[in-house]
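Scroll down for the structure; my scribbles are underneath it.
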2 protein chains.
Amino acid sequence: MSATSGVRSHQGENTRNRIVHFAMNLASRHGLDALSIGELAKELGMSKSGLFAHFGSKEELQIATIEAAEETFGCAIIESTLEMPEGLGQLQALLTNYLGYLENSVFPGGCFFAAVAAEFDDRPGRVRDRIALSMRKWRGLLERQATIAHQNGQLREGVDPVQLVFELKAFTHEANFNLRLLEDQGVTQHAKVAIRSALKAAASEAGASVLQVGAG
Amino acid sequence: MSATSGVRSHQGENTRNRIVHFAMNLASRHGLDALSIGELAKELGMSKSGLFAHFGSKEELQIATIEAAEETFGCAIIESTLEMPEGLGQLQALLTNYLGYLENSVFPGGCFFAAVAAEFDDRPGRVRDRIALSMRKWRGLLERQATIAHQNGQLREGVDPVQLVFELKAFTHEANFNLRLLEDQGVTQHAKVAIRSALKAAASEAGASVLQVGAG
DNA sequence: CCTACCGATCGGTAGG
DNA sequence: CCTACCGATCGGTAGG
């Protein structure tokens, strides 16, 4: 990156980033529909039409918000695993990072995608499609590592990588759900126990050697 | 019930029931907040204020809608299990019925409670509290049967009934989630396989004899 | 980025 | 149950 490339960052882009970042945190708590352009403008100290001009429609604002959340999700959960050897170890790391993302409240309203997926799952359109794309990417990442684990002989015979990922992902979603609505003590503990025992049950001897004992 | 007791059913109650029933199906798709009194009145062919008079506030309408959904949930899932012997068999039947409730679209938007729980989990108030009560009742029912199974020697030593219910409930929620957003083929199949193998792994010899082989 | 404005719809009320 | 209405807010536009 050259010293002058920063010139390309117009002030408009910075403002847009500020808007989207604020919208992302708000949407994790109250949903993408409760994102009112007027309220957003008031809280950011700008005029409604000034904010609106950055997007052109509420739908565009919602999609930009989803894309920003996807990047935040990637930084919190995926990025640190990319240098690990692929397979069972990376799969376990992704799940551990997801639970950390819940515990650390990376979004103030819990998992952004769980929240907006439930909100839009019955409303066809571009917003729903963009959310579904994010969810498929995440599931694909988990399934890819489970499949590599399978190919590397890290899973016991007869273990279906897709079925395994269904079960592991179920535990992470249930943790988010219980944490948000029921505010249980140590609810992520249930998820950690479930994930650890599912991974141990699925691992071959070669696989067991790469599992972190203390982690989820 | 005497032949004249029906006189107590005022016409107002019938209208109220019609409203709540319609609201319940609408809310399973678009949420309890999108329940607009004006739209609801239009679709039911009555005036806004006429409909409003039955509840006095939108919050009361939302709570009445949750209570109606709880009854529908009970009829679809719980009622038929009450005459079964308690323990592992009833636990399995409740889970099987839940998956049937998804497959049969008892609510047009999937599981009513999963939808509204995600919507209100970050909005303190009476609506959220009523949703949380429903969820705790349902979880309590599952934990009760798992505990009875434990006491009856239907579970293997070392199996924690609460942990077991966490895992089983996770599979049912994941099925609802995938079914709504990702519209996967045979997604309840993953849940059925997961539930069956979790129950089999948790069951003692005595427990295994009460499990239905074909069921979830 | 702004002010000023549009029609539509919101929850809720007055009065019958 | 109704008509008629309230103030507030919605997404979006005109014009600068």
Side-chain angles (χ1 to χ4, degrees), chain A residues 7-24 26-27 29-66 116 119-120 123-128 130-131, chain B residues 7-24 26-27 29-68 116 119-120 123-128 130-131:
Chain A
V7 175
R8 277 181 54 227
S9 299
H10 314 304
Q11 191 178 346
E13 279 196 26
N14 291 333
T15 302
R16 193 190 144 108
N17 286 344
R18 273 181 59 226
I19 297 167
V20 168
H21 189 261
F22 196 95
M24 185 178 79
L26 208 148
R29 281 186 289 132
H30 302 303
L32 279 168
D33 224 50
L35 268 188
S36 133
I37 291 170
E39 195 195 337
L40 213 53
K42 189 165 34 171
E43 297 224 49
L44 287 164
M46 60 193 296
S47 73
K48 227 177 67 168
S49 65
L51 189 149
F52 186 84
H54 285 279
F55 305 97
S57 74
K58 183 170 179 179
E59 196 179 50
E60 282 299 330
L61 166 62
Q62 290 172 324
I63 288 171
T65 303
I66 296 164
V116 301
E119 186 182 10
F120 277 87
R123 301 198 220 170
R126 292 177 60 216
V127 174
R128 187 201 129 108
R130 189 61 187 79
I131 295 166
Chain B
V7 174
R8 278 183 51 227
S9 296
H10 315 302
Q11 190 178 348
E13 279 196 26
N14 290 333
T15 302
R16 194 189 143 106
N17 286 343
R18 272 181 59 226
I19 296 167
V20 168
H21 188 262
F22 196 94
M24 185 178 79
L26 208 148
R29 280 185 290 131
H30 301 304
L32 279 167
D33 224 51
L35 269 188
S36 134
I37 291 170
E39 195 195 337
L40 213 50
K42 190 166 32 171
E43 299 224 46
L44 287 164
M46 60 191 298
S47 72
K48 226 176 68 167
S49 64
L51 189 148
F52 186 83
H54 284 279
F55 305 96
S57 73
K58 182 169 178 178
E59 195 178 51
E60 281 301 330
L61 166 64
Q62 290 172 323
I63 287 171
T65 302
I66 295 163
E67 284 167 354
V116 301
E119 186 182 10
F120 277 88
R123 299 198 221 171
R126 293 176 61 215
V127 175
R128 187 201 131 110
R130 189 62 187 79
I131 295 165

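The figures that follow rest on heavy atoms only: side chains count, while hydrogens, waters and symmetry mates do not. Chain identifiers are assigned alphabetically (A, B, ...) following the order of the sequence lines, protein sequences preceding nucleic acid strands; residue numbering begins at 1 within each chain.
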*Can you tell which of C/dC1, D/dC1, C/dC10 lies closest to the side chain of B/Thr15?*
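Ranking C/dC1, D/dC1, C/dC10 by closest atom to the B/Thr15 side chain puts D/dC1 first.
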*Quick one: which of C/dG11, D/dC1, D/dG11 gets closest to the side chain of B/His54?*
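Given the options C/dG11, D/dC1, D/dG11, the side chain of B/His54 is closest to D/dC1.
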Rounded interatomic separation in angstrom, taking [atom1] from [X] and [atom2] from [N]:
X	N	atom1	atom2	result
B/Asp33	D/dC10	CG	P	13 Å
B/Phe52	C/dC10	CZ	P	14 Å
A/Ile19	C/dC1	CD1	P	6 Å
A/Lys58	D/dG11	NZ	P	4 Å
B/Leu51	C/dG11	CG	C1'	12 Å

*Kindly write out the residues that satisfy salt bridge (Lys or Arg N to Asp or Glu O under 4.0 Å) with A/Glu59, not counting sequence neighbours, or none if the list is empty.*
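In terms of salt bridge (Lys or Arg N to Asp or Glu O under 4.0 Å), with neighbours along the sequence ignored, A/Glu59 is linked to A/Arg126.
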*Which residues satisfy the salt bridge (Lys or Arg N to Asp or Glu O under 4.0 Å) test with B/Arg130, sequence neighbours excluded?*
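Testing B/Arg130 for salt bridge (Lys or Arg N to Asp or Glu O under 4.0 Å), a comparison that skips the adjacent residues, returns B/Glu67, B/Glu70.
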*asked:* Near DNA chain D, counting only heavy atoms under 4.0 Å, which residues of residues 37-50 of chain B show up?
replied: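 DNA chain D contact set from residues 37-50 of chain B: B/Met46, B/Ser47, B/Ser49, B/Gly50.
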*Mind checking what makes side-chain contact (heavy atoms from CB on, under 4.5 Å) contact with B/Phe55, not counting sequence neighbours?*
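In terms of side-chain contact (heavy atoms from CB on, under 4.5 Å), with neighbours along the sequence ignored, B/Phe55 is linked to B/Arg16, B/Ile19, B/Val20, B/Leu51, B/Glu60, B/Leu61, B/Ala64.
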_Categorize A/Leu35 for me: base, sugar-phosphate, or nothing, with a 4.0 angstrom heavy-atom threshold over every strand shown._
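If one applies the 4.0 Å heavy-atom cut-off, A/Leu35 turns out to touch the sugar-phosphate alone, with no base involved.
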*Any pair with a residue in residues 30-42 of chain B that passes salt bridge (Lys or Arg N to Asp or Glu O under 4.0 Å), sequence neighbours left out, goes on the list, sorted by first then second residue, please.*
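Qualifying pairs, neighbours excluded: B/Asp33-B/Arg123.
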*What closest approach, in Å, do A/Leu26 and A/Glu43 show between heavy atoms, and which atom pair accounts for it?*
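Taking every non-hydrogen atom into account, CD1-OE2, 4.4 Å.
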*Dot-bracket for DNA chain D, 5' to 3', with Watson-Crick and G-U pairs under 3.5 Å, [ ] for crossing pairs and | for other-strand pairs: what is it?*
||||||||||||||||
_Side chains of B/Thr65 and B/Val116 in contact at under 4.5 Å (non-hydrogen atoms)_ =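 No - every pair of side-chain heavy atoms lies 4.5 Å or more apart.
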